[in-house]
Amino acid sequence: MERSSELSGFYKLSIDERRKVIRDWAGLTDEEARAYDFPPGVAPSLIDRMIENVIGTFPLPLGVATNFRINGKDYLIPMAVEEPSVVAAASHAAKIARAAGGFSARTTPPIMIGQIQVLDVTDPAAARHRILIERDALLAAANKQDPLLVKFGGGAKDLEVRVVPSPRGTMLVVHLLVDARDAGGMNAVNTMCEALAPEIARLSGGRIVLRIISNLAIYRLARASATFPRTSLASGFEPSEAVVEAILDAYALAVVDPFRCATHNKGIMNGISSVVIATGNDFRAIESGAHTFAAFQAKDGGLVRPLTTYEKDKDGNLVGTIELPVAVGLIGGATAVHPTAKANVKLLGVRTAQELAEVLAAVGLAQNFAALRALATEGIQRGHMELHARNISVTAGARPDEVDAVVARLVEEHAIRIDRAKEILAELRAHPHA
Ligand code: MEV
């Protein structure tokens, strides 16, 4: 009989009942089904309330990056990521930066943008003025929605009105600027935009459609910089001056070429997203904001810009900077309820969302520097190879006491393949003392 994905009432089932349905559907073995088990310390009832149709959790590896010193304070940084080398690379870059004092990082106030879209306005320029004249009353009405946020110094702070041509005619786009303090801001901003919409419709004489936060948080920026001392950049192959020049060469391609820029910025997000995930924040929001910001920065020419810059200082050291929107929160969302996220926030020791954003900017810069350094010297594969070989060995069935020997052979032979790992494993088992 053909299987139907129409599982009526699936959402009403208990987790165990849902698992049974899934097992039958997919023909999972007992062992396969055990992969959905909840780790100790993570209450199934809590996870069941976080999203719909829960059957389990998806445990990503969680590692800790060491050596980070940011604004004179030391941090251990939890990173949740599936990709080998990311944690090691961040730790290594932080060690190099540490030699020159570590990272300096700052944020702008945590101002988010909410958008209210208005169509069918007959006199857009005049309507814009009518809305702006009512600025104070509109901000007060918005702030009535969230007295607690206002009490903590946040809330609606300003209004902007843009006149935007579109395929559906000229639109007004009202931007409500909201200081979200230690929250991501999603709920506060969306509630305020929905509350203001009828009055905006009245003032403009138009028709409202969207009332939603923008992930292009250009007012909520995090910036970090670091000096990577020239003397610590020599590789086994090249003198330090040549490494600095090669990193600047690699960076220059990201400035002029979107194909390289995409990869350059991806490397930055390897670091940032890992920490965003570990702290239970919305990594899609951060990713979308970062990549759109990178394009937004290029409005004066080109398609997209690297989120980092690199230069040489007068002593020939490499100086890196990063700037991007970082709309993360510490209150609300998964950060406040997920036990692993809560433990990670405590491990990080950040007291405010802005401090977390500063850490994220520093990690992004560290990750990018590490990638550029590896690419500009020995290439990325060498570092990746051993970790990759380790994964392959385990997949091939190597026990913990066998892994090192299999890895060593795979790397030596430059043949990091599962079939070869199996052969080596068979040889080792046949001749354990060879
Ligand atoms: C791989 O995940 C990230 C890199 O490709 C980044 C880069 O090329 O800069 C190594």
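Starting from 1, each residue takes its place in the sequence as its number. Heavy-atom basis, side chains included; hydrogens, waters and symmetry copies ignored. These numbers come from a predicted model, not from an experiment. Counting starts at 1 for both ligands and their atoms, following the listed order.
- Judged purely by distance below 3.5 Å, without hydrogens or angles, the side chains of Ser240 and Thr231 never pair a donor atom with an acceptor atom.
- Under the 3.5 Å distance criterion, with hydrogens and angles disregarded, a donor-acceptor pair is assigned to the side chains of Asn281 and Thr279.
- Around atom 9 (O) of ligand 1, the closest heavy atom drawn from Lys266, His264, Arg260 belongs to Arg260.
- Between the choices Val86, Thr263, Val81, the shortest heavy-atom distance to atom 4 (C) of ligand 1 belongs to Thr263.
- Distances below 4.0 Å separate heavy atoms of Leu375 from the following atoms of ligand 1: 7 (C), 8 (O), 9 (O).
- Side-chain atoms of Ser273 and Glu287 form a donor-acceptor pair, as typed in the model, at a separation below 3.5 Å.
- For ligand 1, none of its N or O atoms has an N or O atom of Asn368 under 3.5 Å away.
- If you check the side chains of Glu355 and Tyr75, you find a donor sitting under 3.5 Å from an acceptor.
- The shortest side-chain heavy-atom distance between Ile268 and Gln367 does not fall under the 4.5 Å cut-off.
- Counting the atoms of ligand 1 from 1 in the order shown, those under 4.0 Å from a heavy atom of Glu83 are 1 (C), 2 (O).
- Listed by number with element, the atoms of ligand 1 under 4.0 Å from a non-hydrogen atom of Asn270 are 1 (C), 2 (O), 3 (C).
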